[in-house]
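Here's the structure, in structure tokens; my notes come after.
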Amino acid sequence: MAALSKSIPHNCYEIGHTWHPSCRVSFLQITGGALEESLKIYAPLYLIAAILRKRKLDYYLHKLLPEILQSASFLTANGALYMAFFCILRKILGKFYSWTPGFGAALPASYVAILIERKSRRGLLTIYMANLATETLFRMGVARGAITTLRNGEVLLFCITAAMYMFFFRDSQTFGRENIEEESRCKDGLKGFTFSALRFIVGKEEIPTHSFSPEAAYAKVEQKREQHKEKPRRMNMIGLVRKFVDSICKHGPRHRCCKHYEDNCISYCIKGFIRMFSVGYLIQCCLRIPSAFRHLFTQPSRLLSLFYNKENFQLGAFLGSFVSIYKGTSCFLRWIRNLDDELHAIIAGFLAGISMMFYKSTTISMYLASKLVETMYFKGIEAGKVPYFPHADTIIYSISTAICFQAAVMEVQTLRPSYWKFLLRLTKGKFAVMNRKVLDVFGTGASKHFQDFIPRLDPRYTTVTPELPTEFS
């Protein structure tokens, strides 16, 4: 590990902004590029979000543009201020230490930047960066031999996380009998989007106190059957499939504690798998649409990959098996124990987590684990068992971002590739032209992925003579 006391005498031009010797010009170039990319990111993002949320005309006239500009200013400041503090620290300290090019410059820059962003978005950004920083630290530990990787560790983490999430999901409903949605937002369980997402995935049938009574549900089922009898159905392929499904739903075992009154336990699990498999398949298809249509005229055959892609089926199998395993285990436990207990959710959630074998993702596991920690922390605050720290989100975001920037400068091989591409986009590729060969003295392998890059420096502005002859453009 690089010694904190070790230093190098190079100036900020030789290490950071190797494309131009002026700190002021480099700062302005980074600012302009970051602002352009920020607007490209946030303008369509906020517009699509407004359309999906069915915002009124007043929002588009008075709030949409200010929100876009505010978020774009935050992202621009994060990149531009990093460049500014990079140069400021060099001028103050007179040299570079192992922590100054990355962590030292990014910490104050990210702290100032997050204060520009809207408070409603700070929590989400903090969770994302904390998740990314944790993953980066883990990779740093693995690279140094301090941490040993566990086979299928992301699956195990997801199993544990899913078990806790499903327990809190059911616990959310302990108090909510009349108005589930409102109560879930103010009692001990999950809140907001997390609760809504789980209810969409798992279904309200697994809510122990949902408001449908058996009598009302049975009456609704009988009414549907009578309607089907009155209207003769055409015996085409769809009609045969419906008849087959109806026959499965009508006959079969169902425990008295189960709330899926329209189906038996077997069809209940099968329907859950089919529904979420379709959702996962369609989500992956939609994500591939932009890249597929980009080659619509040059390579029309690539459109077939939009529908027959391995990842489409993997995500569908992941979501479908998660729901079916969870529902099947819950029904099985109700049959075995002859009661409906909230503790069933822990066992069912853990077993359902094995479904990640179809779609392994460290990013998903880490993100959900981070959200779980956040949920438990706020539950502890509500219970009066954990102290509340003002501005904790701002501090955590700043430290997490600084850790990621430290990795981006000193050991990019430990950084998540998607985030590295984002940094390159934000800086117009300038993050890749840092003089990392000089930073190798700190022992982190800074130039591991930049062996062929040698910056073209003007010796008039350098403190150390360049290794090779200088070329000027």
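One-based numbering along the sequence shown. In this text, all values refer to a predicted model and were calculated from it rather than measured experimentally.
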- [ ] Sequence neighbours left out, what passes side-chain hydrogen bond (donor to acceptor under 3.5 Å, both in side chains) with Gln29? Give chain and number order.
- [x]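 Gln29 satisfies side-chain hydrogen bond (donor to acceptor under 3.5 Å, both in side chains) with Trp19 only.
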TODO: Not counting sequence neighbours, which residues clear side-chain hydrogen bond (donor to acceptor under 3.5 Å, both in side chains) with Arg425? List them please.
DONE: Glu37
Could you give the distance from [atom1] ([X]) to [atom2] ([Y]), rounded to the nearest 0.5 Å?
X	Y	atom1	atom2	value
Glu382	Tyr388	CD	OH	12.5 Å
Arg436	Ile454	CZ	CD1	14.5 Å
Gln406	Thr401	CD	OG1	13.0 Å
Glu117	Thr394	CD	OG1	11.0 Å
Glu154	Met357	CD	CE	8.5 Å
Thr100	Leu89	OG1	CG	6.5 Å

Nearest heavy atoms of [X] and [Y], plus distance in Å:
X	Y	result
Phe277	Ala317	CD1-N, 3.4 Å
Met166	Gly349	CG-CA, 3.9 Å
Pro9	Val464	CG-CG2, 4.1 Å
Ala105	Pro101	CB-O, 4.2 Å
Ser400	Ala130	OG-CA, 3.4 Å
Tyr367	Leu124	OH-CD1, 3.6 Å

Open item on the list: side-chain contact (heavy atoms from CB on, under 4.5 Å), that's the test. Do Arg144 and Thr444 meet it? Break it down for me.
Closed with: CA-CA 9 Å; Arg144 289 163 173 76; Thr444 59; 3.9 Å; yes
Open item on the list: Quick one, Leu439 with Ser447, criterion side-chain contact (heavy atoms from CB on, under 4.5 Å). Give me CA distance, side-chain angles, the key distance, then yes/no.
Closed with: CA-CA 8 Å; Leu439 299 176; Ser447 67; over 6 Å; no
Donor-acceptor pair, [X] side chain versus [Y] backbone, under 3.5 Å?
X	Y	answer
Tyr268	Cys331	no
Arg55	Tyr60	no
Asp341	His344	no
Tyr13	Asp458	yes
Arg122	Ile114	yes
Gln70	Ile116	yes
Lys428	Ala34	no
Glu14	Thr463	yes

So [Y] and [X], do their side chains get closer than 4.5 Å, heavy atoms only?
X	Y	value
Phe450	Met434	no
Leu75	Phe422	yes
Tyr82	Asn78	no
Lys6	Ser98	no
Tyr326	Ile201	no
Ser365	Val155	no
Phe167	Leu343	yes
Met366	Phe138	no

TODO: Answer with yes or no after comparing the ring centroid distance for Phe158 and Phe318 against a 6.0 Å cut-off, counting only values under it.
DONE: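 Centroid distance Phe158-Phe318: below 6.0 Å, so yes.
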Open item on the list: With a 6.0 Å cut-off on the ring centroids, do Phe96 and Phe86 count as close?
Closed with: yes
Open item on the list: Taking the six-membered ring of Phe200 as reference, does the cationic atom of Arg275 (NZ for Lys, CZ for Arg) lie under 6.0 Å from its centre and within 45° of its axis?
Closed with: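 Yes, Arg275 and Phe200 form such a contact.
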Report the relative orientation of the aromatic rings in [X] and [Y]; use parallel for angles under 30°, tilted for 30 to 60°, perpendicular for over 60°.
X	Y	answer
Tyr397	Phe74	tilted
Tyr419	Tyr128	tilted
Tyr281	Phe313	tilted

TODO: Would you tell me whether Thr18 and Asn435 have side-chain atoms, one donor and one acceptor, within less than 3.5 Å of each other?
DONE: no
Open item on the list: Please determine whether side-chain contact (heavy atoms from CB on, under 4.5 Å) holds for the pair Trp99 and Phe442, giving the CA-CA distance in whole Å, both sets of side-chain angles, and the decisive distance to 0.1 Å.
Closed with: CA-CA 10 Å; Trp99 54 272; Phe442 295 114; over 6 Å; no
Task: Audit row: Leu333, Thr329, side-chain contact (heavy atoms from CB on, under 4.5 Å) steps and yes/no - done: CA-CA 6 Å; Leu333 292 173; Thr329 305; 4.1 Å; yes
- [ ] May I ask you to check whether over 12 heavy atoms, not counting those of His391, lie within 6.0 Å of atom NE2?
- [x] no
Task: Over 12 foreign heavy atoms within 6.0 Å of CZ, Phe85 - done: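 Enclosed.
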Task: Ionic contact status for Glu374 with Lys371, cut-off 4.0 Å - done: yes
